[in-house]
*Asks:* 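After the structure tokens below, expect a handful of questions from me.
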Amino acid sequence: MNHVRFLAWCAPMANLVLAMGTATAVDWRIFEVDLISPRNMTYSPQALMPIVFALQNPALADTTAASIFWSVWEGNNLTSPGSIIDGVLELALDDWNRTSSEPYFVTRFFNTINYPEGFWTLSWSLQLYNCSDNPEKQGVQFITTSNTTTFTVSRQSGKAPDLVAATSSETCGATVAYAYNVTGGDDGCGFLGPNVTANPCSVTINPSAASSIMAAATEMACSPMETGVYPNVSCPASPVESSNVAATFHMAAAVSTWLTLLTLVTALSHLG
Ligand SMILES: *[C@@H]1O[C@H](CO)[C@@H](O)[C@H](O)[C@H]1NC(C)=O
Ligand SMILES: *[C@@H]1O[C@H](CO)[C@@H](O)[C@H](O)[C@H]1NC(C)=O
Ligand SMILES: *[C@@H]1O[C@H](CO)[C@@H](O)[C@H](O)[C@H]1NC(C)=O
Ligand SMILES: *[C@@H]1O[C@H](CO)[C@@H](O)[C@H](O)[C@H]1NC(C)=O
Ligand SMILES: *[C@@H]1O[C@H](CO)[C@@H](O)[C@H](O)[C@H]1NC(C)=O
Ligand SMILES: *[C@@H]1O[C@H](CO)[C@@H](O)[C@H](O)[C@H]1NC(C)=O
Ligand SMILES: *[C@@H]1O[C@H](CO)[C@@H](O)[C@H](O)[C@H]1NC(C)=O
Ligand SMILES: *[C@@H]1O[C@H](CO)[C@@H](O)[C@H](O)[C@H]1NC(C)=O
């Protein structure tokens, strides 16, 4: 694999990931997490089945030290092959543009090709830190909200995952979503008021954003670091090797972008 060409491809890609999606104007201080994919439906087997969370007002992931803990398993058995039982997304540590008000999409991918018939469960918990503004209740407490989505995989009746359809006006209302009113937090520690109504329909993924997410996933799955982790992804043929000094400098400059992309679209290597 020619790293230079791959890294050069990543640079515009990372910007795309940051820029994709739109939100209607909402209270700046409402932090919301929406599960865009998977949904309660029947999917065809996928080499890269997407888990996609949308974060609205993503900078508040820092203020609330937000994390998502997730597991996905096939059938009734948490330890069945294909299951991932200890996923962690430390949103506050992720590296993205903190000043952007656009929704931010957090993605993970798993393989359902080898288990083409049956149901799966995605279980996830959103954990936020609530800094008390009450002097009698000093300190930080964390609050956790959990939910579970089941879906079916079927060769015959399944449909490919469709991130555009998942955010369409017909289906966005069914999105599992949690929203919190965050006040304060200038010192990095936000106070969470009572829950507020979530507004998942303010997030849309258009076709080009959806193909960017899936293209980035394929690029991630085909990168040398993920060899063997996603065996059913068809990867493009390796580009022709080339070596010159200019390309080496370019690679050094692109490394931080490459790391950014890795944190955006990361695989769990223990799948391999
Ligand atoms: C999931 O979909 C099935 C079939 O449409 C439906 O019967 C079930 O109530 C749904 N479950 C949830 C939690 O929405
Ligand atoms: C769950 O799957 C694992 C791995 O295939 C197997 O060893 C275990 O016996 C299964 N447990 C149950 C309750 O079926
Ligand atoms: C971050 O986002 C802001 C607002 O969208 C934009 O003006 C700025 O150029 C972005 N910075 C980077 C480094 O992308
Ligand atoms: C955050 O803590 C305060 C008490 O300091 C409490 O009144 C508030 O309900 C908590 N927020 C949430 C979302 O639990
Ligand atoms: C408010 O949040 C708490 C904890 O995060 C959760 O248990 C409860 O169901 C939420 N209430 C509403 C109305 O969303
Ligand atoms: C999980 O999501 C469903 C669908 O939005 C909702 O009806 C249910 O109350 C949620 N459960 C919890 C514990 O928040
Ligand atoms: C959020 O909390 C602030 C401060 O308590 C309050 O003024 C505002 O109305 C709340 N916003 C919503 C949407 O509940
Ligand atoms: C998926 O990859 C596994 C492991 O290499 C292989 O055994 C299986 O045949 C592949 N399935 C398909 C449908 O390509």
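As the structure lists them, so they are numbered: ligands from 1, and atoms in each ligand from 1. Being a predicted model, the structure only gives us computed values, none of them experimental.
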*Asks:* Measure from the side-chain N and O atoms of Thr150 to the backbone N and O of Thr121, and report whether any donor-acceptor pair falls under 3.5 Å.
*Replies:*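 Looks like no, no N/O pair under 3.5 Å.
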
*Asks:* When you measure from the side chain of Gln56 to the backbone of Val33, do you find a donor-acceptor pair of N or O atoms at a distance under 3.5 Å?
*Replies:*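 Judged by distance alone, no pair lies under 3.5 Å.
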
*Asks:* Evaluate the criterion side-chain hydrogen bond (donor to acceptor under 3.5 Å, both in side chains) for residue pair Ser154 and Gln156; output intermediate values, then yes/no.
*Replies:* CA-CA 5 Å; Ser154 168; Gln156 270 74 41; 4.6 Å; no

*Asks:* Are the aromatic ring centres of Tyr43 and Trp120 under 6.0 angstrom apart?
*Replies:* no

*Asks:* Do any non-hydrogen protein atoms sit less than 4.0 Å from atom 11 (N) of ligand 2?
*Replies:* yes

*Asks:* Counting each atom of ligand 4 from 1 as listed, which ones have a heavy atom of Ile143 under 4.0 Å away?
*Replies:*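 Those atoms are 13 (C), 14 (O).
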
*Asks:* Quick check on contacts: which atoms of ligand 2 are under 4.0 angstrom from a heavy atom of Pro81?
*Replies:*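 Answer, ordered by atom number: 5 (O).
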
*Asks:* With heavy atoms of Val176 as the reference, note each atom of ligand 6 found under 4.0 Å away.
*Replies:*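 Ligand 6 atoms under the 4.0 Å threshold to Val176: 2 (O), 4 (C), 5 (O).
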
*Asks:* Can you list the ligand 2 atoms lying under 4.0 Å from a non-hydrogen atom of Thr79?
*Replies:* 1 (C), 2 (O), 3 (C), 4 (C)

*Asks:* Tyr178 pairs by side-chain hydrogen bond (donor to acceptor under 3.5 Å, both in side chains) with which of Asn195, Thr145, Asn147?
*Replies:*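 Output: one option passes, namely Asn147.
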
*Asks:* For a ring-ring contact (aromatic ring centres under 6.0 Å, His included) check, start with the C-alpha distance between Phe53 and Trp124, then their side-chain angles and the critical distance, and finish with the verdict.
*Replies:* CA-CA 11 Å; Phe53 293 98; Trp124 59 285; 5.0 Å; yes

*Asks:* Please classify the Asn77 to ligand 2 contact at 4.0 Å (heavy-atom distances, strictly less than): side chain, backbone, both or neither.
*Replies:* side chain

*Asks:* So, does Cys131 sit close enough to ligand 4 that a heavy atom of it is under 4.0 Å from the ligand?
*Replies:* no

*Asks:* Within the structure, does Thr145 bring an N/O atom to less than 3.5 angstrom of an N/O atom in ligand 6?
*Replies:*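 N/O-N/O distance below 3.5 Å does not exist for this pair.
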
*Asks:* Would you kindly specify which portion of Ser146 sits under 4.0 Å from ligand 6, judged on non-hydrogen atoms: side chain, backbone, both or neither?
*Replies:*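 Just the backbone.
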
*Asks:* Taking side-chain hydrogen bond (donor to acceptor under 3.5 Å, both in side chains) as the test, write out the residues that go with Gln127, two or more places apart.
*Replies:*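 side-chain hydrogen bond (donor to acceptor under 3.5 Å, both in side chains) check on Gln127 returns nothing, list empty.
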
*Asks:* When you measure from atom 5 (O) of ligand 2 to the protein, is at least one non-hydrogen atom found at a distance under 4.0 Å?
*Replies:*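 Yes, at least one protein heavy atom sits under 4.0 Å from atom 5 (O) of ligand 2.
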
*Asks:* Hey, what's the ring geometry for Phe110 with Phe151, parallel, tilted or perpendicular (30° and 60° as the breaks)?
*Replies:*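 Rings of Phe110 and Phe151: tilted, 30 to 60°.
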
*Asks:* Between Phe142 and Tyr129 (judged by ring centroids, cut-off 6.0 Å), do the two rings come close enough to count as a pair?
*Replies:*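 When the ring centroids of Phe142 and Tyr129 are compared, they turn out to be within the sub-6.0 Å range.
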
*Asks:* Give the atoms of ligand 6, by number and element, whose distance to some non-hydrogen atom of Asn147 is under 4.0 Å.
*Replies:*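 Checking each atom against Asn147, I get 1 (C), 2 (O), 3 (C), 8 (C), 10 (C), 11 (N), 12 (C), 14 (O).
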
*Asks:* Could an N or O of ligand 6 be found under 3.5 Å from any N or O of Thr175, whether backbone or side chain?
*Replies:* no

*Asks:* Pull out every atom of ligand 6 sitting under 4.0 Å from any heavy atom of Tyr178, numbered as shown with elements.
*Replies:*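 Every atom of ligand 6 under 4.0 Å from some heavy atom of Tyr178: 1 (C), 10 (C), 11 (N), 12 (C), 14 (O).
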
*Asks:* Heavy-atom contacts with Asn130 under 4.0 Å: which atoms of ligand 4 show up? List them by number with element.
*Replies:*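 With Asn130 as reference, the close atoms of ligand 4 come out as 1 (C), 2 (O), 3 (C), 8 (C), 10 (C), 11 (N), 12 (C), 14 (O).
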
